[in-house]
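Have a look at the structure below, then the notes.
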2 protein chains.
Amino acid sequence: MNFKGKRQPVTIPRAAKTLRRTRIQEEKEEQILEAALDVFSASGFRGSTIDQIAEVAGMSKPNLLYYFRTKEAMHRALIDRVLYTWLEPLRAFDAEGNPEEEIRSYIRRKLEMARDFPRESRLFANEVLQGAPHIEDELKGPLKELVDEKAEVIRAWAKSGKIVKCDPYHLIFSIWSTTQHYADFDVQVRAVLGQEHAGEGRFEDAARFLEQLFIGGLRPDRSET
Amino acid sequence: MNFKGKRQPVTIPRAAKTLRRTRIQEEKEEQILEAALDVFSASGFRGSTIDQIAEVAGMSKPNLLYYFRTKEAMHRALIDRVLYTWLEPLRAFDAEGNPEEEIRSYIRRKLEMARDFPRESRLFANEVLQGAPHIEDELKGPLKELVDEKAEVIRAWAKSGKIVKCDPYHLIFSIWSTTQHYADFDVQVRAVLGQEHAGEGRFEDAARFLEQLFIGGLRPDRSET
DNA sequence: TGTAATGTTTACCAATCGGTCAAATATCCG
DNA sequence: CGGATATTTGACCGATTGGTAAACATTACA
């Protein structure tokens with residue numbers, strides 16, 4: 001909390017007035033966040049050090065701190081950036097579409113994210129797992145609102161008999177958990193599958209299984225009491 | 001790697017010869033592991049400090065280190081102790097039983113563990129999430145062997161038409177992920193459900209949903225190509 | 001081209017990290 | 001009781017932590 005005359009660094013002049021960000025700023029901040037994603041996603045916030053990030057980013061620690069004044073600021077910037085894309089698949093969930101096809105493509109999209117952006121998934125997993133000390137507001141705010149909205153869609157589907165009657169929240173949880181499992185618990189998945197089946201094909205296998213499970217499990221055949 | 005004449009502390013004389021462990025040793029080691037579980041499960045290995053554990057355990061840091069010579073030793077002892085009970089539900093999986101009932105009760109047991117032993121679940125989640133640097137051998141050894149064995153059982157069920165044809169490994173993964181989600185991502189679950197539905201009843205709701213999903217999804221009705 | 005603003009680095013700081021040591025204290029047992 | 005053993009503690013260590021100060025280098029731009 002001191003700003004004793006030090007030249008104010010430009011760190012994240014988010015929506016600042018006329019302050020343009022230079023080319024170097026864009027590049028370096030990108031470079032830093034890329035490295036920070038590597039480190040934070042692998043060790044969590046407390047377990048990561050600025051030195052590690054600096055080394056991965058290929059720059060000196062004070063140079064890092066010129067762009068992001070604290071470790072927290074780096075983490076915060078990363079979370080903010082990642083949260084939006086992380087929620088995209090759920091946002092694409094369409095009330096007008098065919099339920100079976102919507103769920104199928106939601107699963108597929110989430111699985112593709114687990115395959116293509118595992119670090120982003122692990123970043124959140126680490127954060128939530130450790131009590132979400134930095135993103136509690138995001139969870140109770142934007143996330144909850146979006147889920148509430150989509151849950152209402154699912155509830156409507158169930159009510160009109162398009163899918164089996166079920167708790168929409170736990171349905172969403174189960175899709176999250178099953179798909180993200182392949183990013184977050186990757187080493188365990190690989191270890192259990194063994195070398196033979198741990199190739200990239202595991203995502204195909206997972207997709208096949210999960211679609212079968214969810215489509216079969218939600219089909220409004222003979223609904224339970 | 002120094003043992004310059006220091007009186008060897010008794011730390012974990014696992015299966016040591018005639019060396020009885022005193023009452024105090026039992027108590028203190030228990031007390032330490034309890035505190036270590038608290039801290040490690042909340043912050044991961046790298047993010048936890050011996051001082052934190054000492055404070056939670058209500059003893060001085062050197063006293064802690066009298067019973068466990070290093071932070072790693074503490075973590076290792078904790079992992080070893082927890083791994084066994086963590087695998088119990090899967091071990092109970094019975095090849096002779098009724099498939100539907102076996103899967104149902106496996107889900108229920110795993111869900112009970114998520115409810116009653118969330119710290120144990122998070123300890124593993126943290127470890128695996130961060131690349132399982134301390135338990136790789138356990139994953140590729142005992143864990144894989146047990147899963148291989150149970151996967152064969154499931155495969156047999158599928159072959160004989162008792163359940164739908166599906167990949168047994170991904171079935172097991174999906175049960176792990178959906179159930180452990182309620183321990184590992186507890187804060188997120190609570191945040192999304194909101195105060196109204198985040199009570200203990202959420203485990204009942206989850207059990208209902210998951211049983212419906214898995215039983216429905218695996219029922220050998222009209223199997224896919 | 002000059003100069004003001006921006007970017008980078010070296011040297012450093014106090015706090016905390018995992019862990020050690022010797023001395024002090026508590027417990028056990030004959 | 002008394003001595004041997006087991007337990008506990010405060011003081012301390014070098015390494016690492018997040019972060020700073022200020023000198024130095026580069027860039028953008030008039």
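Throughout, a chain's letter reflects where its sequence line sits, starting with A, and its residues are numbered from 1.
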Legend entry - Check ion pair B:Arg108-B:Glu112 (N to O, under 4.0 angstrom): no

Legend entry - Proximity to the side chain of B:Lys71 - top-ranked nucleotide from D:dG18, C:dG18, D:dT8: C:dG18

Inset, instruction - Indicate whether OP1 or OP2 belonging to C:dG7 is found under 4.0 Å from a side-chain N or O atom of A:Tyr66. - result: yes

Legend entry - Whole angstrom value for the distance that separates P of D:dT20 from CG of A:Asn63: 15 Å

Inset, instruction - Keeping to residues at least two apart or across chains, list the ring-ring contact (aromatic ring centres under 6.0 Å, His included) pairs with something in residues 128-147 of chain A. - result: A:Phe45-A:His134, A:His75-A:His134

Inset, instruction - Could you state the atom-to-atom distance from CD of A:Gln52 to P of D:dT16 in whole Å? - result: 12 Å

Legend entry - For B:Phe173, ring pair (Phe, Tyr, Trp, His ring centres under 6.0 Å) partners two or more places apart: A:His181, B:His170, B:Trp176

Inset, instruction - Take atom CD1 of A:Ile53 and atom P of D:dG18, then tell me their distance rounded to the nearest Å. - result: 8 Å

Inset, instruction - Check ring pair (Phe, Tyr, Trp, His ring centres under 6.0 Å) between A:Phe117 and all other residues, then give those that pass, not counting sequence neighbours. - result: none

What protein N or O atoms touch nucleotides 10-16 of chain C N or O atoms at under 3.5 angstrom, if any, and at what distances?
none

Inset, instruction - Can you sort out the partners of A:Asp167 under salt bridge (Lys or Arg N to Asp or Glu O under 4.0 Å), two or more places apart, ordered by chain and number? - result: none

Inset, instruction - In whole angstrom, give the distance that lies between atom CG of A:Leu64 and atom P of D:dT20. - result: 13 Å

Inset, instruction - Rounded to the nearest angstrom, tell me the gap between atom CD in B:Gln31 and atom P in D:dT8. - result: 9 Å

Legend entry - By salt bridge (Lys or Arg N to Asp or Glu O under 4.0 Å) - contacts of A:Arg91 (at least two apart): A:Glu88

Legend entry - Of residues 33-41 of chain A, the positions that come close to DNA chain C - non-hydrogen atoms, cut-off under 4.0 Å: none

Inset, instruction - Output all residues satisfying salt bridge (Lys or Arg N to Asp or Glu O under 4.0 Å) with B:Lys28, sequence neighbours left out; order by chain, then residue number. - result: none

Legend entry - Integer-rounded Å distance: C:dG7 P and A:Glu26 CD: 11 Å

Inset, instruction - Look at A:Tyr67 and C:dT8 and indicate whether a side-chain polar atom (N or O) is within less than 4.0 Å of OP1 or OP2. - result: yes

Inset, instruction - Give a yes or no on whether a salt bridge exists between A:Glu138 and A:Arg76, defined as a side-chain N under 4.0 angstrom from a carboxylate O. - result: yes

Inset, instruction - Round to a whole Å and report the spacing from CE of B:Met59 to P of D:dT9. - result: 8 Å

Inset, instruction - Would you kindly give the CD-to-P distance between A:Glu27 and C:dT6, to the nearest whole Å? - result: 17 Å

Legend entry - Residues in salt bridge (Lys or Arg N to Asp or Glu O under 4.0 Å) contact with A:Asp137, at least two apart in sequence or another chain: none

Legend entry - N or O in side chain of B:Lys28 less than 4.0 angstrom from D:dA6 OP1/OP2: no

Inset, instruction - Respond yes when some side-chain nitrogen or oxygen of A:Gln25 is under 4.0 Å from OP1 or OP2 of C:dT6, and no when none is. - result: no

